[in-house]
K.L.:
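What follows is a single structure, and I will ask about it in a moment.
As the structure lists them, so they are numbered: ligands from 1, and atoms in each ligand from 1.
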Amino acid sequence: MSKSYQPFYVLHGASSSLVIDCRENAASILYWGPRLGQETSPEMLALLKIRQEAKGCTEKDAPIALSPEYGAGFIGNAGIQAHHSGRGWGVFSQIQSIVFVDESNQLVITSSCEASSIEIVHSLAIDPKSGVLTATTKITNLGDTLLDVDQCNAPTIPIPLHCDKILGFEGRWASEFQLRNVDRFIGTYLRENRAGRTSHDTFPGVVIHAEKTNESVGEAFGLHLGWSGNHRIRIEEQSVGRAYAQLGELFYPGELRLAPGESYCSPTLYGAHSDNGFSGLSRCFHSYVRSHLTDLRVAEKSKPVHFNTWEAMYFDLEFGHLCELADKAAEVGVERFVLDDGWFKNRNSDNAALGDWFVDEAVFPNGLTPLIDYVNDAGMEFGLWIEPEMVNPDSDLYRAYPEWILRVPHAPLVMSRNQMVLDLTRDEVQEYLFERLDSLLSDNAIAYLKWDMNRDLNQPGDSEGRAVAHYQTLAVYRLLERIRRAHPKVEIESCSSGGGRADFGILRYTDRIWTSDTNDAIDRLRIQKGFSFFFPPEVMGAHVGPSDCHTTGRTISMATRATVAMFGDMGIEANLLEMPCDEFSELKSAVALHKKHRKLIFSGDLMRLDLPSYESGFGITSEDKKEALFSYALIDSQPHSAPGAFRFDGITRESLYEVNIIWPSTPYYYSEGILDAINGAILSGDALMTVGMQLPIMLPQTMLIFHLKAVE
Ligand code: DGJ
């Protein structure tokens, strides 16, 4: 067959390059790494990568193709695993055509395998500015019988052997995005998620890096699957001496069966390569989110400070009480008042009423309008909590339509938080939910929805006995999209018992992510650090909770609670009516400080600092590096009588900066203050980065915020 395509294709980002090798039957990644100079040709790379036959191995390695193939003799995990009733399993494709799309810096490679009766389309693009790679694999059934698809992973990424460290994510409810380091080994690092949401314990992202990589220097690859359902992350080192990473959706048995002519496209794999350490990776992803996933209507608006009723009132809602809270919220500087769970018919606890999305007349006899008017008159937007995908057995909806839930018909129902999951793949369920949400949004001046989802999909089966977790995730996207189209001004937050549904897939339809159900500022430091690997601060919901944290019982000062919330999309979730005056006025100052600096926080470059576990710190610098904020936290007692230096990072060495300590308003002093001597001093970036600033003696669980402004 004559080939009308080239042997190699090169895509460049600002600081990275991707080389695709099309010399074999199937395409593969020859190179992904720092941007190649003009003097380097793909042929040179190919020459350098020639391998030889090793003892006990095949004459020639089966390639780590974009979708490695069993038909080619690949004995790792094939990218596509599909068959027609057991036939055609050994995919061995042939490239049919390759198209380079200039405007999107994208390569579209179409292949087919006649014996398997499938067409495969791989799309790979590099965003020129952020350098983020986006990649998908699409499979189409070309046969005339059903095609069972067991796996269709996003394009497989070969990993250089020297990047042998894996930084993955684990966690639990109220402790999401916990980083876990693992040494790669010969064999498979495998993370599987069947929670039906991104989950609290298996965030769909991973970082693969070289031994000496830290926050500011060294090589790292970051990979994230933009999918809000079940997934699999595989990193395999083969004994033959090579390694690859593969991310894709995870299906239950028989879940994906394609009819003749039907297609399935994998979720998008988002990847970045950095030579500037982990923070460098994060900056790529943040830049990509800002330019590609943030909705324009949100990007152009300054993000309002929230008040949320949950930890202030729980289910104990009362009109007068809410108005008093609204007054206090407005006084402290809040710009959006969010009525959380408990506002709808018979919802007095988490035992009942999910599904009945009608205002509770016992609490709001005249509907929500009087409260919304009150909130608007106080100068705030109004937001409302919902949990559309769920239903309680004790609800009018379930009593009327018990067949609307997901389940495994022959097995007892598995309950969680007293609730069951509606089968959103049913048209009548979609229609009911759309009608309810549409009428709530049409009848009330609601600016924002907190879209919650409080349980895993343990039994994601439909009434016909088929697993439908995949279709349920698509159905959630569909409903979100429809609501957004009907009410384009309404902003939506993705919440799932905290950060249980956080990924770039849901971010296409939402504007904020509720990071975690814990407002414990100390735990939040770790959670928000993990979150910041892929997500920028402006999508990170971060609230100031009560002084005795409800999830951990830990008592934390206002200064500390406010510092941690200030670096995200800030909010308050505590009973302001019971807040002591000194705390209230400190909170007011913190909100004002956040507002003063949020433009920088929501557009700047993040630099996390490498510090021992009893400390934590990061900086956010403007793109031109003329302004920066740095946050330093002493988490625990520190080992020396007097601490060491705080070394700034990510600023310009040659610049002079005026340094000010802007928070807390009254720092703790043990002896004559170092801070006073520094405040307002003009110091060079070089000195701040190389020598750093001698820290004052601080109490555990206290923090400082520095402001740096370049002077001419
Ligand atoms: C879980 C959420 O994460 C909380 O913030 C709150 O909205 C509750 N659900 C309400 O039931």
Side-chain angles (χ1 to χ4, degrees), residues 171-177 195-201 203 228 306-317 322 325 336-357 360 363 382-392 394-395 415-422 446 448-457 476 491-503 506 510-521 523-524 527-528 531 539-546 549-552 561 565 568-575:
R172 59 161 163 83
W173 173 77
S175 184
E176 301 87 339
F177 311 107
R197 44 181 172 173
T198 52
S199 83
H200 295 83
D201 51 280
F203 171 73
S228 315
H306 282 212
F307 177 83
N308 180 292
T309 56
W310 184 238
E311 290 202 352
M313 300 179 86
Y314 292 106
F315 293 104
D316 208 6
L317 302 180
L322 284 163
L325 267 175
R336 179 182 280 158
F337 186 92
V338 181
L339 181 61
D340 209 279
D341 200 351
W343 59 268
F344 47 103
K345 209 172 139 214
N346 298 329
R347 183 70 169 173
N348 305 315
S349 72
D350 64 13
N351 276 322
L354 286 176
D356 299 342
W357 303 107
D360 192 346
V363 187
F382 181 82
L384 192 68
W385 179 94
I386 48 160
E387 193 180 0
E389 295 144 76
M390 299 293 157
V391 64
N392 285 118
D394 183 2
S395 66
M415 298 299 287
S416 179
R417 211 194 188 207
N418 313 307
Q419 60 197 58
M420 303 170 297
V421 189
L422 288 171
I446 295 170
Y448 161 93
L449 287 176
K450 175 176 175 185
W451 187 300
D452 207 345
M453 190 249 195
N454 281 305
R455 64 159 295 175
D456 289 341
L457 268 56
V476 173
E491 289 174 40
I492 304 180
E493 171 172 36
S494 170
C495 171
S496 186
S497 321
R501 186 154 62 191
D503 67 280
I506 203 79
T510 55
D511 310 291
R512 184 191 208 237
I513 289 171
W514 182 227
T515 319
S516 177
D517 266 358
T518 187
N519 291 316
D520 178 316
D523 284 353
R524 272 275 181 155
I527 295 168
Q528 295 184 181
F531 187 84
V539 302
M540 179 176 77
H543 292 177
V544 175
C549 175
H550 289 187
T551 48
T552 61
R561 277 178 281 150
D569 187 0
M570 187 180 190
I572 298 160
E573 197 174 326
N575 192 344

K.L.:
Is the shortest distance from a heavy atom of His543 to ligand 1 less than 4.0 Å?
P.N.:
no

K.L.:
Is the Trp310-Phe315 ring centre distance short of 6.0 angstrom?
P.N.:
yes

K.L.:
With side-chain hydrogen bond (donor to acceptor under 3.5 Å, both in side chains) as the test, pick out the partner of Ser496 among Arg197, Glu176, Arg501.
P.N.:
Arg197

K.L.:
Before signing off on this row, confirm whether Asp340 and ligand 1 have an N or O atom pair separated by under 3.5 Å.
P.N.:
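Looking only at distances, the answer is yes, because the N/O contact criterion of under 3.5 Å is met.
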
K.L.:
If you count the atoms of ligand 1 from 1 in the order shown, which ones are under 4.0 Å from a heavy atom of Arg417?
P.N.:
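Near Arg417, meaning under 4.0 Å from one of its heavy atoms, ligand 1 has 9 (N), 10 (C), 11 (O).
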
K.L.:
Can you name the atoms of ligand 1, numbered from 1 with element, that are less than 4.0 Å from a heavy atom of Asp341?
P.N.:
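Counting from 1, the qualifying ligand atoms are 10 (C), 11 (O).
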
K.L.:
Between the side chains of Glu311 and Asn519, does any donor sit under 3.5 Å from an acceptor?
P.N.:
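Judged by distance alone, the side chains do pair up.
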
K.L.:
Phe307 vs Phe337 aromatic rings, parallel, tilted or perpendicular, using cut-offs 30° and 60°?
P.N.:
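Parallel.
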
K.L.:
Which class fits the ring pair His306 and Tyr448: parallel under 30°, tilted 30 to 60°, perpendicular over 60°?
P.N.:
perpendicular

K.L.:
Please work out whether any backbone atom (N, CA, C, O) or any side-chain heavy atom from C-beta onward of Asn454 is under 4.0 Å from ligand 1, and answer side chain, backbone, both or neither.
P.N.:
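Side chain only; the backbone of Asn454 stays clear of ligand 1.
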
K.L.:
Indicate yes or no: does an N/O atom of Trp310 lie under 3.5 Å from an N/O atom of ligand 1?
P.N.:
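In this structure, Trp310 places no N or O atom under 3.5 Å from an N or O of ligand 1.
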
K.L.:
Judged on heavy-atom distance to atom 3 (O) of ligand 1, which of Thr518, Leu354, Asn519, Asp517 sits nearest?
P.N.:
Asp517

K.L.:
Just to be sure I'm reading this right: ignoring hydrogens, which of Arg347, Glu493, Met453, Lys450 gets closest to atom 5 (O) of ligand 1? Compare them by their nearest heavy atoms.
P.N.:
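Selected option, by shortest heavy-atom distance: Lys450.
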
K.L.:
Check each heavy atom of Cys495 against ligand 1 and say whether those closer than 4.0 Å belong to the side chain, the backbone, both or neither.
P.N.:
side chain

K.L.:
Between Arg347 and Asp341 (salt bridge meaning N to carboxylate O under 4.0 Å), is one present in this structure?
P.N.:
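Judged by the 4.0 Å cut-off on N to carboxylate O distance, Arg347 and Asp341 do form a salt bridge.
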
K.L.:
For the pair Asp569 and Arg512, find out whether any cationic side-chain nitrogen is under 4.0 Å from an anionic carboxylate oxygen.
P.N.:
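Answer for the salt bridge query: yes.
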
K.L.:
Answer side chain, backbone, both or neither: which part of Asp452 comes under 4.0 Å from ligand 1, heavy atoms only.
P.N.:
side chain

